Amino acid sequence: MSEGLQAPRGTLDWLPPRSAARRAMIDRFREIFERAGYGEAMTPVFEDTSLFARTAGESSEVVGKEMYVFEDQGGRSLALRPEFTAAMVRAYLEHGLSREPLPVRLWSAGSCYRYAAVQRGRYREFTQVNAEAIGSDDPAVDAELIALQLEWFTSLGLAGLELRLNTIGDPTDRGPYLERLRAYLDAHLDDLDGEVRRQRDLNPLRAFDTKVPTSAAIMAGAPKITDHVSLAAAEHFATVRAFLDARGIEYTLDPTLVRGLDYYSRTTWEVSWPALGAQSGIGGGGRYDGLAAAIGGAPTPGVGFACGVERVLLALEEQGRSPAPATPTDVFFAVVAGAARPRLHALMDEARRAGLTCEADLAGRGFKGQLKQASRIGAAWTVLCGDDEWARGSSLVRDMTTGEQSEVPLDLLVGHLRATITGWTDAA
RNA sequence: GUGGGCGUAGCUCAGCUGGUGGUAGCUCCGGGUUGUGGUCCCGGCGGUCGUGGGUUCGAGUCCCAUCGCUCACCCCA
């Protein structure tokens, strides 16, 4: 394929039938969250660059090197959103939603953008579903979000999920702890790899993410944030766990789970589907009580998470599941008599208005070809109209499973189809 | 951004050490005596061998570059 004729690197074309799967996944997400009182929020795909810079943190990879940043014709620096949370909080503050009953619960679905190396399950334009509860620090909210997120996965038929959970305390806990951690890192500096040493200054918590075995061994002995968290944060976390336990939700505690965006505080979690390999993280979230203040608003607690739709779909496909059962066609209109086509197509419209799923040959196929097409798309019934039927002002209605067919006058066709397929009659 | 693998019809793939692109399978379209599908048989459509250079009498096959996919690192959804 020559250049210019292919979609840009790291982007995806969504075409049938896969596009239906994506849509069904988002629809399911909507159902689950609207039943829980969440409303849909749609914000721009691009925002002022500073919104993300101030919230996700300069030290994060996502903001530091993966953002699509551009200048518009008015000289403004804008960025394609790399994630939803910052925009949700921005909208909350901008529109004074703090006067709504709290917490304000929002869900959204849409494209996010990150300039990262492309791999299966990691795209530069990708789809996230997202939910945020802003304005309450009640641990019940954290737990409910986790429960709803898992509900989405399992309702799609995804099995074998892993949930990891951690608390990283409050920013005020973080200072003293970070000093302790830095001291530990400094004491072992000679044995740590360069990447970890770089993290020491930028964001020492990320040092726990190292995959270098020698460094990982040293980090295993490092002080854990979980052990240096305030009493309030520890109690908060214990309550989150109580709500999860009461629901029978299984999780593993992972004191090294830090997450890549700087705004997180207290609860953090990650859901993975291990069989996906390097891109196994299919969802993650956490509490961000300091985010609102970071972008200049009143201090406002919040929790939220996002899931990667493409990754979840890959996992479903690997399990041989499709989130979108094909909608069966009720009637196929096979019309051979050329003169009959306009009338039959008009009747088809009428049948569609009556709620039936209908198709007709749109490629000038012969009789045999049209029947073949009807059976290929799985039509339950086929309306046949050739020269003979047309001359009589009627048609043949064929049951595609039994092969039985009966003659029905065109004037009565739609009523007949509706009665036999939906059970509805005009008299009723 | 770094390293490895790959790139032949819409899809799945043959193509040995360079010598004229495959009767390949699937899909699609048509036919198998007047107008009846999912099986079978026959026929047909369909390829700038990802792209651009180079070596050579000659390159799908070798070399370089580039684009894309993929795996790992990395990052995270």
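Owing to the predicted nature of the structure, the values given are computational and were not obtained by experimental measurement. So you know, we letter chains A, B, ... as the sequences are listed, proteins then strands, and number each from 1.
- Rounded to whole Å, the distance from OH on A:Tyr264 to C1' on B:A77 is 10 Å.
- When rounded to the nearest whole Å, the span between CH2 of A:Trp381 and P of B:G37 equals 18 Å.
- Both A:Ala7 and A:Lys65 sit near RNA chain B, but only A:Ala7 has its closest nucleotide nearer the 5' end.
- Considering A:Thr226, A:Asp254, A:Thr256 as possible partners of A:Asn166, the one that fulfils the side chain to side chain donor-acceptor pair (under 3.5 Å) test is A:Thr226.
- B:U20 sits 11 Å from B:C16 when the P atoms are compared, rounded to a whole Å.
- Under the Watson-Crick or G-U wobble criterion, with both distances below 3.5 Å, B:C40 is paired with B:G32.
- For A:Gln405 and B:U36, a side-chain-to-base donor-acceptor distance below 3.5 Å is present, hydrogens and geometry of angles not being considered.
- Whole-Å rounding puts the A:Arg81 CZ to B:C76 C1' distance at 17 Å.
- Taking atom CD of residue A:Gln119 and atom P of nucleotide B:C71, one finds them 6 Å apart after rounding to whole Å.
- When heavy atoms are screened at a 4.0 angstrom cut-off, A:Arg120 is found touching the sugar-phosphate backbone but no base atom.
- Judged by distance alone, with hydrogens and angles left aside, A:Arg114 brings a side-chain donor or acceptor within reach of the base of B:A77, the pair sitting under 3.5 Å.
- Base engagement by A:Ala278 is indicated by at least one non-hydrogen atom pair under 4.0 Å involving a base atom.
- Taking atom P on both B:C29 and B:C45, the two are 16 Å apart, rounded to the nearest angstrom.
- Looking at heavy-atom distances under 4.0 Å, A:Gln149 makes no contact with the nucleic acid at all.
- As rounded to whole Å, 14 Å separates atom P of B:G32 from atom CZ of A:Phe367.
- For the 3.5 Å distance criterion, the side chains of A:Tyr251 and A:Asp245 qualify, holding a donor opposite an acceptor.
- For the residue pair A:Ser50 / A:Asp48, no side-chain donor-acceptor distance below 3.5 Å is found, with atom types taken as modelled.
- Under 3.5 Å, the side chain of A:Gln279 and the base of B:C75 form at least one donor-acceptor pair of N or O atoms.
- Comparing the same atom, C1', in B:C40 and in B:U17 gives a spacing of 43 Å after rounding to whole Å.
- Closest non-hydrogen pair, A:Leu165 versus A:Leu257, comes out as N-CD2, 4.1 Å.
- For B:C29, the OP1/OP2 oxygens have a side-chain nitrogen or oxygen of A:Arg376 closer than 4.0 Å.
- Ring geometry for A:Phe305 against A:Phe33 counts as tilted: the plane angle lies between 30° and 60°, on a 0 to 90° scale.
- For a distance-only test at 3.5 Å, the side chain of A:Glu66 fails to qualify as a donor-acceptor partner of the base of B:G1.
- Going from the C1' atom of B:G21 to that of B:U61 covers 12 Å, rounded to whole Å.
- One C1' atom belongs to B:G53, the other to B:C13, and the distance between them is 29 Å to the nearest Å.
- Not a single donor-acceptor pair, N or O on each side, falls under 3.5 Å between the base of B:C67 and the side chain of A:Arg9.
- The pair A:Arg343-A:Asp411 meets the salt-bridge criterion, with a side-chain N (NZ, NE, NH1 or NH2) lying under 4.0 Å from an Asp/Glu carboxylate O.
- Residue whose closest nucleotide on RNA chain B sits further toward the 5' end, between A:Leu396 and A:Ala117: A:Ala117.
- Across all strands shown, the partner of B:U66 is B:G50, judged by Watson-Crick or G-U wobble contacts whose two distances both fall under 3.5 Å.
- When heavy atoms are screened at a 4.0 angstrom cut-off, A:Tyr123 is found touching base atoms of the nucleic acid.
- Contact annotation for A:Gly121: base contact, defined as any heavy-atom pair under 4.0 Å involving a base atom.
- B:U36 sits 11 Å from B:G31 when the P atoms are compared, rounded to a whole Å.
- As judged by a 4.0 angstrom heavy-atom cut-off over every strand, A:Glu270 is placed among residues making no nucleic acid contact.
- Across B:A77, B:U36, B:U70, the shortest atom-to-atom separation from the side chain of A:Leu384 is found for B:U36.
- Distance from the side chain of A:Glu389 is smallest for B:G35 among the nucleotides B:G68, B:G35, B:A77.
- If you take atom C1' in B:A9 and the same atom in B:G44, they sit 14 Å apart, rounded to whole Å.
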Next item on the list: List the steps and the verdict of side chain to side chain donor-acceptor pair (under 3.5 Å) for A:Glu132 and A:Tyr92.
Entry: CA-CA 11 Å; A:Glu132 310 285 348; A:Tyr92 170 95; over 6 Å; no
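- For A:Lys372 and B:C40, the NZ to C1' distance is 12 Å, given to the nearest whole Å.
- Put simply, the side chain of A:Arg365 and the base of B:C28 share no donor and acceptor less than 3.5 Å apart.
- Across all strands shown, B:U2 is found opposite B:A72 as a Watson-Crick or G-U wobble partner, with both distances under 3.5 Å.
- Using a 4.0 Å heavy-atom distance criterion, A:Gly364 is classed as making no nucleic acid contact.
- Residue A:Ala374 is out of contact with every strand shown, counting any heavy-atom pair closer than 4.0 Å.
- For the pair A:Glu407 CD and B:G35 P, the computed distance is 18 Å after rounding to whole Å.
- Spacing of P atoms, B:G50 relative to B:A14, comes out at 14 Å, to the nearest Å.
- Contacts of A:Asn130 with the nucleic acid, taken as non-hydrogen atoms under 4.0 Å apart, are absent.
- The two residues A:Pro223 and A:His228 make their nearest non-hydrogen contact at CB-CE1, 3.8 Å.
- With a 3.5 Å ceiling on both atom-pair distances, B:U23 lacks any Watson-Crick or G-U wobble partner.
- When the P atom of B:C28 is taken as reference, atom CD1 of A:Ile377 falls 13 Å away, rounded to whole Å.
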